[in-house]
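Per chain, numbering begins at 1; letters A, B, ... match sequence-line order. Computed over heavy atoms, backbone and side chain alike; hydrogens, waters and symmetry mates excluded.
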4 protein chains.
Amino acid sequence: MYIQLDFESEIPIYTQLKQQIIAGIAKEELRPNDALPSVRSMAKDIGINLHTVNKAYQQLKQEGYILIHRQKGVVIHPDGVEPADDAYRSTLKSTLRPLIAESICKNISKEEFAGYVNTLFAEFKKEGNDK
Amino acid sequence: MYIQLDFESEIPIYTQLKQQIIAGIAKEELRPNDALPSVRSMAKDIGINLHTVNKAYQQLKQEGYILIHRQKGVVIHPDGVEPADDAYRSTLKSTLRPLIAESICKNISKEEFAGYVNTLFAEFKKEGNDK
Amino acid sequence: MYIQLDFESEIPIYTQLKQQIIAGIAKEELRPNDALPSVRSMAKDIGINLHTVNKAYQQLKQEGYILIHRQKGVVIHPDGVEPADDAYRSTLKSTLRPLIAESICKNISKEEFAGYVNTLFAEFKKEGNDK
Amino acid sequence: MYIQLDFESEIPIYTQLKQQIIAGIAKEELRPNDALPSVRSMAKDIGINLHTVNKAYQQLKQEGYILIHRQKGVVIHPDGVEPADDAYRSTLKSTLRPLIAESICKNISKEEFAGYVNTLFAEFKKEGNDK
DNA sequence: GTGGTCTAGACCACA
DNA sequence: GTGGTCTAGACCACG
């Protein structure tokens with residue numbers, strides 16, 4: 001699992017880390033019960049503070065992506081992630097709305113936008129059939 | 001133009017204000033050359049700090065949504081918004097990517113996701129039935 | 001609102017702080033929309049680090065006790081706390097179980113135990129009718 | 001005596017083990033002079049570290065639940081457990097207090113809470129119908 | 001070795 | 001002024 005961080009980005013590092021791990025799960029590069037590096041080694045690997053890694057891990061745990069196991073350390077949640085509920089769907093739409101408003105203003109058609117969605121879904125799914 | 005702010009949201013108020021104005025433009029409730037309230041009156045209307053409105057306006061100006069005239073006040077950009085360039089398309093995809101990764105993990109299908117995109121595009125288009 | 005911490009206790013400081021605030025809400029000393037001190041001033045008041053206060057506040061926010069408002073600062077959740085769901089009831093029973101097992105071993109009768117529950121409920125309710 | 005551990009719990013394993021043994025005593029599944037597996041075999045049986053079992057046993061001994069003989073091995077205390085003293089009653093109330101505060105906030109009535117206490121007492125008593 | 005807690009000091013974004 | 005982020009170093013509980 002390679003982690004790519006952009007330290008110049010306005011997106012907090014711990015959020016970037018979270019997103020990369022979630023992306024890894026979506027791509028099935030990370031599967032249920034797979035181990036994740038300890039906070040210390042992950043922090044050392046990517047050259048950030050251990051508290052920053054810990055914050056990412058805590059949020060992932062809280063959102064049901066990972067489990068912090070007393071013996072096995074940190075692992076991808078064995079039961080998979082909870083399917084989306086209505087609350088999530090509603091926040092998803094709220095997040096999407098301003099993106100779409102902006103796109104409309106900038107003359108991006110519904111078809112073009114849908115194309116990107118397609119491409120991105122494919123990006124996650126294509127790698128998920130081996131390893 | 002009604003502005004709806006959520007002061008408990010984690011999204012900064014100036015960003016919410018920006019998004020609402022952009023949404024207004026997308027819906028064509030706000031059309032080229034339409035006047036926007038002055039920084040001062042907008043701040044007073046919605047009960048927020050002057051600086052907050054100013055920050056939103058400055059960014060909208062910078063992104064080509066509005067013009068700020070010393071005399072005529074603030075108006076929606078008469079020439080419309082610049083169409084998206086490659087840089088914008090690329091940041092759009094970068095924004096969409098983690099959203100889609102999360103959705104995949106939470107068992108939201110491409111079709112469901114595309115459905116939301118459709119609905120949201122329709123939401124903006126239905127009220128602006130001509131031009 | 002007086003905060004009493006025991007720095008010798010094995011219970012983490014941020015947990016003690018959380019419990020005291022929850023107790024304040026239970027006693028209705030703290031009511032919906034009441035303001036809580038900022039992390040900095042609370043930290044200074046009780047002589048602990050601001051990050052420790054922050055951790056308590058974050059958890060209280062996450063559990064729906066408080067709201068972190070962009071303008072008003074930190075306030076008790078205006079809608080009150082979410083009523084218990086099944087998950088909470090089940091963890092409550094799991095917490096109670098070992099307490100009761102221990103009590104049985106130590107010859108504390110059901111009646112005595114129930115007496116303490118009664119006393120404690122009264123302790124919270126008695127102060128809640130004025131102020 | 002079956003031991004059920006949750007390695008994903010935030011409750012330390014040695015504490016869980018202690019609680020299960022205490023629960024066994026409360027249910028009278030474990031009676032005075034009953035033998036407990038040695039540290040070594042208990043550790044092997046439930047697949048945990050030797051030190052963890054040892055820590056649980058030491059605390060149980062210290063609290064008067066068991067005796068550890070060099071030769072006879074580990075047995076449930078022949079004289080039964082010391083009845084609660086004032087110190088214990090006071091810590092019991094301190095433990096109960098935040099639980100009750102939380103319950104009040106979450107709209108759990110005194111009656112409902114007392115119901116759980118009743119149920120749990122019954123849970124322990126029903127299986128130990130004599131002595 | 002692990003994660004959890006606490007402290008401390010710094011910078012930044014927000015209002 | 002506020003809270004949010006990040007870093008750093010320390011100690012402890014756990015297994």
Side-chain angles (χ1 to χ4, degrees), chain A residues 5 7 9-17 35-43 46-59 61 66-75, chain B residues 5 7-17 43 46-56 59, chain C residues 5 7 9-17 35-43 46-59 61 66-75, chain D residues 5 7-17 43 46-56 59:
Chain A
L5 299 180
F7 295 96
S9 166
E10 60 190 353
I11 301 171
I13 295 177
Y14 76 87
T15 302
Q16 294 184 48
L17 180 53
L36 243 42
S38 74
V39 283
R40 278 178 176 77
S41 66
M42 172 69 93
I46 55 185
I48 61 174
N49 190 281
L50 102 187
H51 291 106
T52 309
V53 177
N54 192 45
K55 184 160 185 177
Y57 277 14
Q58 287 301 328
Q59 293 196 0
K61 169 185 162 193
I66 64 172
L67 227 49
I68 297 179
H69 196 102
R70 287 227 173 257
Q71 310 186 299
K72 287 186 259 168
V74 182
V75 298
Chain B
L5 299 179
F7 294 102
E8 293 148 19
S9 164
E10 62 208 354
I11 300 170
I13 294 175
Y14 79 88
T15 302
Q16 294 184 48
L17 180 52
I46 54 184
I48 63 175
N49 193 294
L50 231 143
H51 300 13
T52 308
V53 178
N54 194 49
K55 183 158 187 178
Q59 292 197 1
Chain C
L5 298 180
F7 294 97
S9 165
E10 59 190 354
I11 300 171
I13 296 176
Y14 76 87
T15 302
Q16 293 184 47
L17 180 52
L36 243 42
S38 74
V39 283
R40 277 177 176 79
S41 66
M42 172 70 91
I46 56 185
I48 62 174
N49 189 281
L50 101 186
H51 292 105
T52 307
V53 178
N54 192 45
K55 184 161 186 177
Y57 277 15
Q58 287 301 328
Q59 293 195 1
K61 169 185 161 194
I66 64 172
L67 228 47
I68 298 180
H69 197 104
R70 287 227 174 258
Q71 311 186 298
K72 287 184 260 168
V74 182
V75 298
Chain D
L5 299 178
F7 295 101
E8 293 147 18
S9 164
E10 62 209 354
I11 301 171
I13 294 175
Y14 79 88
T15 304
Q16 293 184 47
L17 180 52
I46 54 184
I48 63 175
N49 194 296
L50 232 145
H51 300 14
T52 310
V53 178
N54 193 49
K55 183 159 187 178
Q59 292 197 2

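Residues Y57(C) and L36(C) have side chains in contact (heavy-atom distance under 4.5 Å, counting atoms from C-beta outward). For the pair Q58(C)/I68(C), a side-chain contact is recorded, criterion being any heavy-atom separation below 4.5 Å from C-beta on.
Of all heavy-atom pairs spanning I48(B) and I13(B), the tightest one is CD1-CG2, 4.0 Å.
Nearest nucleotide to the V74(A) side chain, out of dG3(F), dT5(E), dG3(E): dG3(E). Closest approach to the V39(C) side chain among dT7(F), dG3(F), dT7(E) is made by dG3(F) (side chain taken as heavy atoms from C-beta onward). Of the listed nucleotides (dC14(E), dC14(F), dG3(F)), dC14(F) has the atom at the smallest distance from the side chain of P12(D). The side chain of S38(C) has dG3(F) as its nearest neighbour among dT7(F), dC11(F), dG3(F). Looking at the side chain of T52(B), the nearest of the listed nucleotides dA15(E), dG3(F), dT7(F) is dA15(E).
dC14(F): Watson-Crick or G-U partner is dG1(E), with both key distances under 3.5 Å. When both distances must be under 3.5 Å, the Watson-Crick or G-U wobble mate of dC6(F) is dG9(E).
Nucleotide dG15(F) holds its P atom 11 Å from the CD1 atom of I11(D), rounded to whole Å. As a whole-Å value, the separation of F7(B) CZ from dC14(E) P is 15 Å. Going from atom CG of L17(B) over to atom C1' of dC14(E) covers 14 Å, rounded to whole Å. Atom CE in M42(C) sits about 15 Å away from atom P in dC6(E), given to the nearest Å. Atom CD of Q58(C) is separated from atom C1' of dG4(F) by 8 Å (rounded to the nearest Å). Rounded to whole Å, atom C1' of dC14(F) lies 17 Å from atom CD of E8(D). For the pair L36(C) CG and dT2(F) P, the computed distance is 14 Å after rounding to whole Å. Taking atom CG of L50(C) as the reference point, atom C1' of dT7(E) lies 10 Å away to the nearest angstrom.
Between the base of dG9(E) and the side chain of H51(C) there is a donor-acceptor pair shorter than 3.5 Å.
Residue K55(B) places no side-chain N or O under 4.0 Å from the OP1 or OP2 atom of dA15(E). One finds no side-chain N or O of N54(A) lying less than 4.0 angstrom from the OP1 or OP2 phosphate oxygen of dG3(E). Put simply, R70(C) has no side-chain N or O that comes within less than 4.0 Å of OP1 or OP2 on dC14(E). Close to dC14(E), at under 4.0 Å from its OP1 or OP2, lies no side-chain N or O of Q71(C).
Here the NZ atom belonging to K72(C) is positioned 7.0 Å from the CD atom belonging to E8(B), to the nearest 0.5 angstrom. The distance from atom CD of Q16(D) to atom CD1 of I46(D), rounded to the nearest 0.5 Å, is 10.0 Å. The CG atom of L17(B) lies 10.5 Å from the CD atom of Q59(B); values are rounded to the nearest 0.5 Å.
Of the residues near DNA chain E, Q59(B) and K61(A), the one whose nearest nucleotide (by heavy atom distance) lies more toward the 5' end is K61(A). If you find the closest nucleotide of DNA chain E to I68(A) and to I13(C), the one lying nearer the 5' end belongs to I68(A). Residue-to-nucleotide proximity on DNA chain F shows that, of G47(A) and G73(C), the 5′-proximal contact is made by G73(C).
If you check every strand for non-hydrogen atoms under 4.0 Å, E10(D) touches nothing. Looking at heavy-atom distances under 4.0 Å, Y14(C) makes contact with sugar-phosphate atoms alone, never a base.
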